[in-house]
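Chain letters run A, B, ... following the sequence lines, proteins first, then strands; residues in each count from 1. Keep in mind that what you see is a predicted model, and the values were worked out from it rather than measured. Keep in mind that the numbers below use all heavy atoms, side chains included, and drop hydrogens, waters and symmetry copies.
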Amino acid sequence: MFEFHRLTIKELRPEIGGAATSVTFDLPAGASESFSWEAGQHVTLRFDLNGAEQRRSYTVSNPPGAPLRITVKREKGGLVSNHIATALSPGDQIEVALPFGRFVLAPDRPARRTHYFFGAGSGITPLFAMIHAVLSDEPHSVAHLIFGNRSADEILFREELDQLAALHPDRFSLRHTLSAPKLLSWFSLWRSGRLDADAVRAAIGETPPVAQDVQYWICGPGAMNGDVKSALMGVDVPANRIHMESFGGAQELDSSVTGCAATLRLHLPSGSHDIPVEEGQTLLAAIRSNGLSVPFSCQSGVCGACRARISDGTVHMRNRMALEDSDIGKGEILSCQSVAQTEWLEVDFRS
Amino acid sequence: MTKMYHRLPVEAYTSQEWFDREQQLIFSRSWRYAGLREDLPEPGHYLSVQAGLNNIFIVMGRDHRLRAFHNICRHRGTQLIRAVGKTQKALTCPYHDWTYDLEGNLISVPDEESEYPGGLDKGCLGLKPASVDIWRGMLFVHPDADAPTLAEWFGEVEPLLGPHNPAELVEYPEARRSYEIKANWKIVVENYIDVYHLSHLHSNTLHMYDHARAEYGWKGPHYHFWEPPAPDYAKELEKNLPSPRVIPEPHVGAWVPMLFPGIGLGASEDSWNIFVITPLGPDLTRIENRTKLADVSAWEFTKQEWRSAGFWQGFGGPKYSGEDAAGEEDPMASGDFTSEDIYACEQQQKSLTSPYLEIGPAAVGESPITHHQQAVLDFMALQAKATADNV
Ligand code: FES
Ligand code: FES
Ligand SMILES: [Fe+2]
């Protein structure tokens, strides 16, 4: 599932004045089945740049059934995002792994739900796919999007979102917050300022849920996620209704713990092994340097491909974005982010 | 031999045993109307409703989402709240002050250490959840926390209920009524869906609509009905409507569905009404009526009243008058179709226990009645089977 396939670029489209790039792929005949995705999932791209392998995960920004498309925000000094924006052309081939990820909204026809989406910046990409999925495949449900950006020029998918709002006036509401709005602008914004606790409460108060199965989807850079989540928990939203993924911007890595040297007992589908882990080494790095292979993809704690279950010992995770609190309660870890905290560890990769 | 009333035994309308079975298998197993959305305007507001054997309360959390729970204290079962009210963050049982938060968690037990020296697992003593949802501006509850969604339950009939958006209308409080009819609930439903009686019992009260051109049918257990305005009324309809429109032109007519079990709606060009039927006993039924009208100024209402006065002046009147009427109080001389219906239901119920009762053949316009009887039988059979499968 994490093997790479060579896909041909069909279209490259600059978004928001070149600050982001949408890449649409041609799927070879027969591959569209295996390359199907759920709204919110990612694909990992692999590049060889300046002699080094680079992997990045990007959300599929189209709803299931549409052409496979990713939208990549250009990061200042970002090796891969700039390569995508400047060095590629239609017809080029890129290595892409099958879509995966658990931040998904699976539409359910008979369901009758109210979905609140809180997004900021390029965090719109999974939400955009999810909103589409709700509007087309969950006909009794409604979607409310509260979308934060710095200024109107930086709003990804602005026209597409306006079109959706015009097409589904009874089922989709769209509200923009801008933290640095231009003074003279025709843009009709809902609030200025950051998408913070006040904005969250105001949004829900203005459009309280009608359908009472309410779900909250959050995707933006680190700080916004935490703010929105705590605003929701502050008004007693149960945690199991909140779904979130961190996106772009500075990821808050907790590198305060170095980790110790340890022995790792590893259970793989092919058998069990005891291997050494060096001080400060991630479990994934240790496994690979011992010539063993386990699934992995983004290597940054976002995709969840490298997840495993720990049954003995403790680890420290630098980033755990791909895991929900309930997963961690069940002993799940991200091996690409885990360093040892005890000298003996037992970790299971089966299932 | 059992005496039959079309598809049902006559005792289905008279016996306590049937009543109890219906309470168990119909009214405790289906979505129940619990009020209008505006009855819970803000976080902290709650109300309770009897749904068959279950008393369920709904409370709005600070996130504006509704929660529903069985109104039963997990200590010794006392009902936690009554009627309607407002709370801040917690619900306390009046008996021993056990306190629950708005998620139903048991958060405090007085004198916990001394009264439960062996410890008490509060985590297992939360309130039992029920389902709640809002549909067409109305609150609905279902005793089962995993009930089928309202989209599954009403989805098919919804497009046939008229273009009304009840959430946009405002209640006309003077029209809110609650009263009892001395008849079985099915008698009341049958009266509501009896197409045959419209031109007869109501010969002088509902003739602004053209009963001969009524279109009606069923979606599962739910009955839908629509009829166009009668030619006289339709000729200058916009002028003749007694109050401002609640639906856009060119929609016209009266939509009078009966949703299962016993949730009647009555909507027209200028109003939207509910007629909720609650069985109280084998021969006693409560009706709750509420009406919503257009959200426009009093002046608009006055103007429309003036415009339409001409039409309504000569319109209607009592079915019986003069010598036929039995005095001033005679419902048949009231000129009000509801009084006529109540009268008919009660008069019919009176005969059901007579040894000489024998029901005549059903007319074409009574086909909804036999269909409803079948819907009752089918729903009960389905639920009885579900119960049997679960043990
Ligand atoms: S490889 Fe993606 S989370 Fe570890
Ligand atoms: S019955 Fe509720 S506290 Fe005792
Ligand atoms: Fe009637």
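If you measure heavy-atom distances from Arg113(A) to chain B, you find no contacts under 4.5 Å at all. In this structure, chain B has no heavy atom under 4.5 Å from any part of Tyr116(A).
For the set Gly234(A), Pro209(A), Ser141(A), Pro139(A), the count of heavy-atom pairs under 4.5 angstrom toward chain B peaks at Pro209(A). Chain A forms more heavy-atom pairs under 4.5 Å with one residue of Arg65(B), Glu42(B), His64(B), Glu152(B) than with any other, namely Arg65(B). With respect to chain B, the highest number of heavy-atom pairs below 4.5 Å among Leu232(A), Val200(A), Thr114(A), Asp236(A) belongs to Asp236(A).
Within 6.0 Å of CZ in Arg150(A) there are 12 or fewer heavy atoms belonging to other residues, nucleotides or ligands.
With Trp153(B) contributing its side chain and Ala147(B) its backbone, the two residues share no donor-acceptor pair below 3.5 Å. In this structure a side-chain-to-backbone donor-acceptor pair under 3.5 Å is missing from Glu38(A) to Val104(A). A donor-acceptor distance shorter than 3.5 angstrom exists from the side chain of His70(B) to the backbone of Pro143(B), with no hydrogens or angles considered.
A search for side chain to side chain donor-acceptor pair (under 3.5 Å) contacts involving Gln79(B) returns nothing, not counting sequence neighbours.
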